[in-house]
Structure formats: structure tokens, C-alpha cells
J.: 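Before anything else, here's the structure in question.
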Amino acid sequence: MQTKNMRILVTGAAGFLGSHLCDALLAEGHTVVGVDNLSTGSLANLEHLRAEPRFDFREQDICLPFEPGAVNFVFNFASPASPVDYMNLGIETLRVGSEGTRNALEIASRYGAGFLHASTSECYGDPKVHPQSEDYWGHVNPIGPRSVYDEAKRFSEALVMAYHRYRGVDTRLVRIFNTYGPRLQFNDGRVISNLMTQALRGEDLTVYGDGSQTRSFCYVSDEIDGILRLARSNEHLPVNIGNPIEWTILECAQEVLAVTGATCQIRYQPLPTDDPLQRRPDITRARTLLGWEPKIDLHTGLSLSLPYFQQSVSATAVQSSSRDQ
Ligand code: UDP
């Protein structure tokens with residue numbers, strides 16, 4: 001990927017990561033065509049780009065063939081990503097990982113464009129190797145409730161590698177680990193969204209299982225920096241981009257209380273089926289190939305996200321009180 005003046009397609013542009021990616025690409029001087037079917041993305045994430053002449057938004061389902069015009073690079077970020085969303089939209093999730101990703105790859109192939117696909121740590125499933133390095137093939141239940149996402153992403157990785165091997169498309173694969181920050185849907189059921197909104201509303205914090213399962217949380221600006229470095233590299237094999245500092249969910253809840261100043265109780269709920277018990281990226285490849293290292297720790301990242309969650313919570317409080325009148 002060159003550094004200036006490209007015309008770039010971003011699928012999933014109205015999503016959490018897609019919208020931050022559009023911002024970063026526009027800031028670098030590129031022109032961006034953003035597409036999204038708004039099934040889980042939101043136009044509110046792109047509102048600030050309404051008057052930007054180098055940004056062209058199109059409401060479009062990428063599972064249907066579409067024509068963005070000639071582009072130099074494609075970032076394929078369209079997909080439901082929170083477990084609650086992808087389990088509600090199981091068939092749509094499988095379609096966007098297969099048909100949608102194929103349509104996006106066809107565009108890259110047609111225009112000789114570079115292609116970067118948003119894959120996921122879910123490719124490792126409930127891992128038996130810890131931390132997870134890219135050469136681990138994973139431990140995924142192919143027929144469990146999470147399989148609609150995990151297997152869609154695993155299939156899409158196979159598809160991306162096939163377009164690279166058989167059609168010569170200049171592809172990249174990023175395996176994204178849990179990422180958070182402003183514009184994370186505040187009501188999408190993910191742990192950071194749930195805990196932050198619960199703390200700000202003074203509700204009990206819901207911890208699933210005994211809270212000893214682990215995740216490693218990456219702040220959005222670090223994630224986008226890693227993704228852009230990968231786009232500029234010549235690496236075709238998957239690269240983990242995530243923060244290697246691992247937290248139990250109980251520790252994460254404590255951190256949310258510290259940042260919000262809330263004094264809520266913990267309410268334990270059953271652990272969802274196939275919930276991975278531990279997750280931490282081995283980022284040796286990102287360090288050595290891209291010179292990438294996350295900079296923002298969880299406490300700082302939650303503090304940076306606080307105004308966004310406060311605003312989301314007060315906006316919904318206003319909406320529900322005007323509905324009640
Ligand atoms: N989780 C939790 N309370 C919540 C939401 C999630 O304890 O209100 C747990 C969930 O069971 C999982 C972890 O937090 O172990 C991360 O869940 P999330 O849905 O954010 O994403 P995942 O990493 O599972 O895709």
C-alpha cells in the first residue's frame with residue numbers, strides 16, 4: 001500500500017473498526033469509498049464525515065455483487081462481530097464471511113488492488129495452546145453456537161489465501177483480538193460495553209461463569225496502527241494484532257469500577273456455551289515484521305472511552321424518559 005493518494009474501499013465502514021479505519025485513511029490523504037448494510041454498523045459512526053469530499057458512503061450489502069469503481073486497496077471489515085450480534089445473525093454472518101468476502105476479493109482481483117481482511121482470534125476457538133501464535137491451527141467447535149462466526153472467519157481466511165495463491169491477489173490477513181474504544185456499540189453485549197454501561201447506570205456488573213476466563217484488550221488506536229502497518233507490509237500470512245496483557249474478566253470488572261468510580265455489585269451469570277477460557281496473542285510476528293507494539297494500557301484506554309460511554313448512556317436515558325412521557 002502506498003502512503004498517499006489512493007482510492008480505497010472499506011467494507012463495514014459504519015462499524016466500530018471500519019469507521020476508525022476510514023478516519024485514519026482520510027487523515028493520510030486517501031479517498032475512501034465506505035460501504036455498509038447497516039445491519040450492525042451505525043451512520044452515527046460516520047456523521048462527522050458527512051461533509052468530507054474525499055469520503056463516499058454507500059449503503060450496500062456486500063453479499064450482493066457491487067461496483068465501487070477502480071480502487072487501489074480494499075479493507076474487508078464487514079461482519080457482525082459481537083457474540084450477541086453474530087448469534088442473532090447466524091446465516092448473515094456465514095454469508096458475509098463467504099459470499100461477501102468473495103465479492104470483495106473479486107473487486108481487488110479486477111482492479112489489481114491490495115486486500116486486507118479482518119480475521120479474528122476466534123479462529124483459535126477455545127485454545128489449547130497459550131498464548132496463541134499464528135501457526136496454531138485452533139480448537140473450534142464446528143457446530144456450536146459460535147461456529148457461525150468462527151467458521152465464517154476460518155473459511156474467509158482460506159478464501160483469501162486461495163485468491164492470493166490462484167489469482168495472485170496481494171492479500172493480508174489480520175487476526176484481531178478483543179478491541180475496544182469509542183464507537184464500540186454500547187449495547188452489543190460485549191464485555192467492555194456491558195460493564196461500562198452497567199457501571200455508569202449503577203447496575204450490577206454481569207460476570208459470566210466465575211470470571212476467571214481471560215481476554216487481552218487492545219485499545220482501538222493501537223489496533224488501527226497495527227492494521228495500517230500490516231497493509232503497508234508485504235506479509236501474506238496471518239498476523240495477530242492485539243494487546244498481549246491478559247486480564248481475567250473479574251479483573252476487568254474491577255478496572256471498570258476504578259475508571260468509572262462506580263460501586264456496583266457483581267452478578268454472576270452462566271458461562272455461555274463454548275466461551276473460550278483463555279485468550280492472549282503472541283505478537284512476536286507483529287513486533288518483528290511490523291515493528292508494532294501496543295501503547296495504551298487498559299486503564300488508560302477505558303478512561304479514553306469513558307466520555308463516549310457516558311454520552312451513549314445519557315442519550316438512551318433521555319430517549320427512554322421521553323418515551324415514558
Ligand atoms: N462476559 C461477561 N459479562 C458480560 C459479557 C461478557 O463476563 O456482560 C464474558 C464472556 O463470557 C467472555 C468475555 O467476557 O468470557 C468476553 O466476551 P465478549 O462477548 O466481549 O467477547 P468474546 O471475546 O467472547 O468474543
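Note that the coordinates shown come from a computational prediction; the quantities given were computed from them, not determined experimentally. For ligands, and for the atoms within them, numbers begin at 1 and follow the listed sequence.
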J.: Does atom NE2 of H48 have more than 12 heavy-atom neighbours from other groups under 6.0 Å away?
T.: yes

J.: Check whether any side-chain N or O of E52 sits under 3.5 Å from a backbone N or O of R54 as a donor-acceptor pair, and report yes or no.
T.: yes

J.: So, for D85 and P80, which heavy atoms are closest and what is the spacing to 0.1 Å?
T.: CB-CB, 4.1 Å

J.: Just checking, is any N or O donor in the side chain of S42 or N45 under 3.5 Å from an acceptor N or O on the other one?
T.: no

J.: Going by an N to O cut-off under 4.0 Å, is there a salt bridge joining D275 and R215?
T.: yes

J.: Closer than 4.0 angstrom, basic N to acidic O: yes or no for R95 and E92?
T.: no

J.: List ligand 1's nitrogen or oxygen atoms that come under 3.5 Å of a protein nitrogen or oxygen, with the partner atom and distance.
T.:
unit_1, atom_1, unit_2, atom_2, d
ligand 1, 3 (N), T206, O, 2.8
ligand 1, 7 (O), Y208, N, 2.8
ligand 1, 8 (O), N194, ND2, 2.8
ligand 1, 8 (O), T206, O, 3.3
ligand 1, 8 (O), T206, OG1, 2.8
ligand 1, 8 (O), Y208, OH, 3.4
ligand 1, 11 (O), D275, OD2, 2.6
ligand 1, 15 (O), Q213, NE2, 3.0
ligand 1, 15 (O), R215, NH2, 3.3
ligand 1, 15 (O), D275, OD1, 2.6
ligand 1, 15 (O), D275, OD2, 3.4
ligand 1, 20 (O), V191, N, 2.8
ligand 1, 23 (O), N178, ND2, 2.8
ligand 1, 23 (O), R215, NE, 2.6
ligand 1, 23 (O), R279, NH1, 2.8
ligand 1, 24 (O), R146, NH2, 2.9
ligand 1, 24 (O), R215, NH2, 3.1
ligand 1, 25 (O), E122, OE2, 3.3
ligand 1, 25 (O), R146, NH2, 3.1

